[in-house]
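Below, each value reflects all heavy atoms present in this structure, side chains not excepted, and no hydrogens, waters or symmetry copies. This is a predicted model, so every value here is computed, not measured. Chain letters run A, B, ... following the sequence lines, proteins first, then strands; residues in each count from 1.
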Number of protein chains: 2
Amino acid sequence: MAHKYETVAADIREIISTSLAPHDALPSERDLMTRYDVSRMTVRAAIAKLVDEGRVYNVHGSGTYVGSIDLFSKTPKLTSFTEDMTSRGYVASSRPLALARIDADEDIARRLGVPVDTECTHLRRLRLADNNPMAIEDVYLPRTVMEIEQLHLDQSLYVQLTEAGHEVHRAEQEIQAIMLSEEDSRLLGVPNGSAALSVERVSTSRRGLVIEFARTIYRSDRYSFHIAVTRDNEK
Amino acid sequence: MAHKYETVAADIREIISTSLAPHDALPSERDLMTRYDVSRMTVRAAIAKLVDEGRVYNVHGSGTYVGSIDLFSKTPKLTSFTEDMTSRGYVASSRPLALARIDADEDIARRLGVPVDTECTHLRRLRLADNNPMAIEDVYLPRTVMEIEQLHLDQSLYVQLTEAGHEVHRAEQEIQAIMLSEEDSRLLGVPNGSAALSVERVSTSRRGLVIEFARTIYRSDRYSFHIAVTRDNEK
DNA sequence: AAGTGGTCTAGACCACCGC
DNA sequence: CGGTGGTCTAGACCACTTC
């Protein structure tokens with residue numbers, strides 16, 4: 001383990017999961033200082049990380065406590081379809097439906113932040129969970145990010161993007177309810193006109209460059225979206 | 001301004017908005033130390049806050065940079081319907097549809113974490129934006145949180161809960177696409193069978209007590225849900 | 001009043017980036 | 001190589017909660 005605060009954080013995680021219940025108090029920061037023989041700032045860095053993970057919360061003047069959350073704890077994290085399905089207990093797979101070079105229409109260009117008619121790569125896939133259709137995904141990549149010839153359909157797109165120097169760091173997502181088109185209903189194996197969840201995502205690198213625009217349409221009978229939010233009572 | 005790091009953060013925000021563009025570099029931390037005559041930790045606390053707000057990002061070994069424009073939504077924040085509509089530029093209002101004391105059924109009891117048949121307060125409201133129907137909201141409160149007689153329909157529910165010592169601090173939300181019932185379609189003024197966004201929310205206090213369970217059904221032609229997510233490339 | 005987390009100082013060395 | 005952010009020390013005082 002590289003840094004001290006990480007080892008402290010890891011140890012506190014262990015303590016929490018083995019001997020503490022939600023809303024139990026952690027040892028005080030000064031206690032933890034002597035216990036791990038580190039400075040208070042290191043203890044606070046460790047706790048700050050755990051707070052960020054949603055595992056504990058602070059109460060000024062009182063103590064640090066174990067969070068109530070369970071499985072759905074995490075602060076919203078950007079996950080790939082595969083990661084998402086795996087964490088839900090499914091085996092993810094996919095079937096390519098289309099792969100083509102296209103010119104960005106107005107909508108796609110706006111999302112990608114490029115001029116209309118910019119050449120892009122379009123990948124359309126049926127996404128499966130335990131071999132059952134779960135979603136239809138359309139991904140649009142500017143040619144400057146990845147050429148169509150570079151794309152390997154049998155590998156994780158995120159891994160390929162990372163290897164090409166375009167690691168996704170942040171994304172804005174827009175979630176809507178839509179009614180499925182006839183084609184999409186057929187692909188997903190649900191009645192025509194069913195409601196579905198549309199998640200549109202614009203992903204950017206750490207430097208703020210737009211890497212992809214993706215629209216994923218999930219069948220509503222099998223999929224829902226979880227997020228945890230906190231209320232910042234600050235300015 | 002109470003704390004030094006807040007005044008530093010406020011000043012940096014000012015610098016950013018008046019004289020820096022996205023991806024421009026901020027002055028270095030050591031520079032800011034001498035500029036504001038504070039310790040480096042204070043500078044870092046200020047920058048940490050700005051990072052949390054999504055205004056800047058760090059690149060180890062290189063510098064701190066202004067984040068890309070994307071105006072809003074950093075870490076998802078819990079907002080009331082009124083706050084949500086206000087930030088979208090609408091005037092929010094509501095029309096009560098029902099207010100009653102009920103016994104929790106299995107579903108509601110599970111969400112509230114109370115035994116079945118626990119007495120609860122149920123409030124159903126039509127929520128309007130610029131006087132147009134936008135959503136239907138059902139809120140369930142355990143009696144221990146708020147008695148039906150204490151509830152004033154003309155006041156913000158969150159304000160009343162806070163004043164009663166039940167400040168909402170955190171919530172878990174589940175977002176689904178559903179098909180509207182005939183009654184709900186009529187109330188919202190959309191065709192029967194339209195798709196809609198259902199947001200179910202379990203709100204808890206800082207101490208982890210469940211305060212409310214709410215289900216809000218938004219018309220899909222007028223409403224979408226925005227969230228920003230980051231990818232933590234850590235263990 | 002005692003104990004807690006929140007802020008702050010004035011240093012130090014390490015890891016990484018770009019030239 | 002020099003400059004940057006990342007981690008860390010060993011203190012200090014403040015603000016808040018609890019009794």
Identify whether the distance between the nearest side-chain nitrogen and carboxylate oxygen of Glu174(A) and Arg201(A) falls below 4.0 Å.
-> no

For each nucleotide in nucleotides 7-15 of chain D, reading 5' to 3', give B when a protein heavy atom comes within less than 4.0 Å of its base, S when such contact involves only the sugar-phosphate, and - otherwise.
-> BBB--B--B

Separation of dC16(D) atom P from Tyr65(A) atom OH, nearest Å, is 16 Å

Roughly, in whole Å, what's the span from CG in Leu32(A) to C1' in dG3(C)?
-> 14 Å

Sequence neighbours left out, what passes salt bridge (Lys or Arg N to Asp or Glu O under 4.0 Å) with Arg125(A)? Give chain and number order.
-> Glu137(A)

Taking the six-membered ring of Tyr140(A) as reference, does the NZ or CZ atom of Arg124(A) fall below 6.0 Å from its centre and within a 45° cone about the axis?
-> no

OP1 or OP2 of dT4(D) sitting under 4.0 Å from any side-chain N/O of Ser62(B)?
-> no

Taking Asp31(B) as the fixed residue, which of Glu29(B), Met33(B), Arg35(B) is the one that meets the side-chain contact (heavy atoms from CB on, under 4.5 Å) rule?
-> Arg35(B)

Arg13(B) backbone acceptor or donor facing Ser17(B) side chain under 3.5 Å = yes

